[in-house]
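Take a look at the structure set out below.
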Amino acid sequence: MNSSLLSGLNPEQRAAVELPAQSALILAGAGSGKTRVLTTRIAYLISTGAVSPHGILAVTFTNKAAKEMVTRLSAMLPINMRGMWIGTFHGLCNRMLRAHHREANLPQTFQILDSGDQLSAIKRLMKAMNVDDEKFPPREVQSFISSSKEQGLRASEVEAYDPYTRRKVEIFAEYDTQCQREGVVDFSELLLRCYELLSRNAALREHYQERFKHILVDEFQDTNKLQYQWLKLLAGIPLSNSLPQAGERTNVSLRDHSSTSALFAVGDDDQSIYAFRGANVGNMQALTRDFHVENVIKLEQNYRSHGNILEAANVLISNNRNRLGKNLWTSENGGEQLRVYEAATDVDEAAFIVDEIKQLKSEGINLREIALLYRSNAQSRVLEHALVSAGLSYRVYGGLRFFERQEIKHALAYLRLMENTDDDNALLRIINFPTRGIGARSIEQLQEAAKMNSTTLWDAAARAGGKVSAFVALIESLRSATRELPLPEIMDHVLHHSGLVAHYQNETGVKKREAEERLENLNELVNAATLFVHENEDDSLTSFLTHASLEAGEHQAGDQDDALHLMTVHSAKGLEFHTVFITGLEEGLFPHQNSQREDGGLDEERRLMYVAITRARRRLYLSFAQSRMLHGQVSYGMASSFLRELPEGLLHWITPRVTQRNSFASFGYSAPFTPSSPPVSVEGVQNSAPVQRASSGSVWRIGQRVFHQKFGEGVITGVEGSGADARVQVNFKRAGSKWLALEYAKLTAV
DNA sequence: CGCACGTGGTTTTTT
DNA sequence: ACCACGTGCG
């Protein structure tokens, strides 16, 4: 059983799987079999009897990743997975908070606010507090609150040195009070509340520390500060500096030394692309220190891409500072060169892509094996236009999710209010939808009454008369009529008796089409409930509502259609395709203009480019346009600096190489390009001078001093292979030790 | 109450 | 160019 688990693993993967029960960091490059190692590790631990399923805690960021893990595990292990905790940070925190809602000071049926709910709660609060939303944009307040919580900070702990921040802190404090009163928690609150629960309640903490002998974390480079602290707490690592609560600190460190769990963290610092939302790559360094990690294993063999693609990725990412250091390699051959295309306009770029796709299609490549990547969503428009004209089917990722649709949120609001009448957000959403004659005026009166008596809107409404009391009666009757019904029937009943279905059925004229779609979605909601009941042990309404908040997405059909994939580079992380088009490679777009301002912004953009490149298995197109419609204006851009960081030898220019581009001179649309002197790279080093490649291997011997344009001076320390596959290992003075493919690396003997 | 029109903003995203 | 949101009018 063990041997079959381990068979097919390379030595590093196998070493990772078989590590002793200590904390470890697995630096897993793109396409190196990271998920396989993670799941095999779990299967290994269980099948060797090192731990029971009960002792496993596996954490991911997305539901998709969690599901994938469960699927793979159940294929590997014949046992049932009951008792194993596998899920997202938010899902697992939710689970703990539900189990200990009393200790966490939450109602049993607490509801979860998604970002949209949170924003409307903040707007409502700010109105009540008379805060000028010009000076304090609600969105900014929202991100202030969320990022504070993600740092592990309550309002009372945020340092505010100016009146502006102090005011935001006041709103933050009030917001938390409001949430508590209404029995709702936002996403970051799930984590913070769970963290506080464990840190304040020694018995619970010790219970879970004792239980989870092995904690496994996927995409560790994406963890934020709070998630890291949460992991430390669960693993029984004494809290060092960071999080406040001075009183707790000594308490925790004294008690928790006895049992520390093994944290198995898998991640790739080179694929850290979420710093903008609080991810802290520094956690990888911190981990080795705080968890006394002796085992850092690098998975560098890539099973995805051909050599040239990997080489391009390696060279590009080597321009980043502060890497943990990793160089991907493959046993595959070099494969094709990267195809570079310079278009006159964004429209031409799209036309080129369409032509290439048609060609690929005729060669038998499935459309679903092709991805069109871009830096920002707005860029999809022109691509879509070209694809529609050409009759090529495609799917755009990252649109509105199922549970975020207006009609779905309305339907769920009825259910939420039935579950928890304190939920003012839910009440306000539906008190007049469908319209029942309760206008802004009546609502204001309710809010005043509620404020006066410091009660919830529901209580105020219960005391009101007329149309408001009819609404209260409606909710009450929905509740009593559905009390004994199974979930899908509750759903169906509410849809019809709330007036939602009738409302959309009555739509006419221009809105007719839209209403029909909304009705379909409502119908789909009943299906979702049916499916949920079949798949989940806990088929309560609360459980379904939680599912709706926490797993808003991926309810999209169409996976079986053969369609192109259009998505941002961010959403492409973790995926792979036969052919990838990286589009809009223009300075200012990719790397994005706004990144230049931020500290380390360019490095993050470069990692983004690294992610984009490593999505491709066999063929990679890089394209850019001289002019592009942006914000309603034609803007002119230069080729991305990332393009110039790639070794010429790896590139095949489909358009004539433009070697000099003095600002606007070369923006003639169809004028022939005039090759002249080479461009200057970021570091000011000539980058594209054709370097004589050595035809005979005899020059490349160990000890030979060499020069590389990017890495500078170095000495050959190893030689491998021959002919087209020949690679040399060079120890560079500046850049450290690297393996380079002789066919492409522009090395000169010194 | 609902529609029409004006205004501002526009990197990336999961939960 | 395009979309989301908010205000004012019929």
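All values reported here derive from a predicted model rather than from experimental measurement. The sequence lines fix the lettering, A, B, ..., with proteins before strands; numbering per chain opens at 1. As a basis for the values below, the full set of heavy atoms in this structure was taken, side chains included, without hydrogen atoms, waters or symmetry mates.
When heavy atoms are screened at a 4.0 angstrom cut-off, A/Leu119 is found touching no nucleic acid atom at all. Among the heavy atoms of the strands lying under 4.0 Å from A/Phe61 are primed sugar atoms or P, OP1, OP2 only; no base atom is included. Among the atoms of the strands shown, none is found under 4.0 Å from any heavy atom of A/Gln118. Nucleic acid contact for A/Tyr274: sugar-phosphate only, since backbone atoms but no base atoms lie under 4.0 Å from a heavy atom of the residue. A/Asn432 comes within contact range of the sugar-phosphate backbone alone, with a heavy-atom separation under 4.0 Å but no base atom that close.
Between A/Glu598 and A/Ser549, the residue whose closest nucleotide on DNA chain B is further toward the 5' end is A/Glu598. Both A/His503 and A/His631 lie close to DNA chain B; mapped to their nearest nucleotides by heavy-atom distance, the more 5′-ward contact belongs to A/His503.
Distance, A/Arg607 CZ to B/dT12 C1': 13 Å, rounded to whole Å. What separates CG of A/Asn594 from C1' of B/dT12 is a distance of 10 Å, to the nearest Å. Atom CZ in A/Arg381 sits roughly 17 Å away from atom P in B/dT10 (whole-Å rounding). The distance between atom CG of A/Asp132 and atom C1' of C/dG6, rounded to the nearest whole Å, is 15 Å. Distance, A/Leu550 CG to B/dT15 P: 8 Å, rounded to whole Å.
Ion pairing between a basic and an acidic side chain is recognised when a charged N comes within 4.0 Å of a carboxylate O; A/Glu182 and A/Arg124 show such pairing.
For the pair A/Lys467 and B/dC1, the criterion of a side-chain N or O lying under 4.0 Å from OP1 or OP2 is not met. OP1 or OP2 of B/dT13 has not a single side-chain nitrogen or oxygen of A/Ser115 nearer than 4.0 Å. For the OP1/OP2 pair of B/dT14 and a distance below 4.0 Å, the side-chain nitrogens and oxygens of A/Asn63 include no atom meeting the criterion. Taking side-chain N and O atoms only, A/Asn377 has a distance below 4.0 Å to OP1 or OP2 of B/dT12. The phosphate of B/dT13 (OP1 or OP2) has no side-chain N or O of A/Arg401 nearer than 4.0 angstrom.
Put simply, the residue from A/Tyr394, A/Tyr374, A/Tyr621 that forms a ring-ring contact (aromatic ring centres under 6.0 Å, His included) with A/Phe581 is A/Tyr621.
A donor-acceptor pair under 3.5 Å links the side-chain atoms of A/Glu605 to the main chain of A/His592, judged by distance alone.
Residues A/Tyr175 and A/Ile122 meet the side-chain proximity criterion, which asks for heavy atoms closer than 4.5 Å.
With rounding to the nearest 0.5 Å, the separation of CZ in A/Arg416 from CG in A/Leu541 is 10.5 Å.
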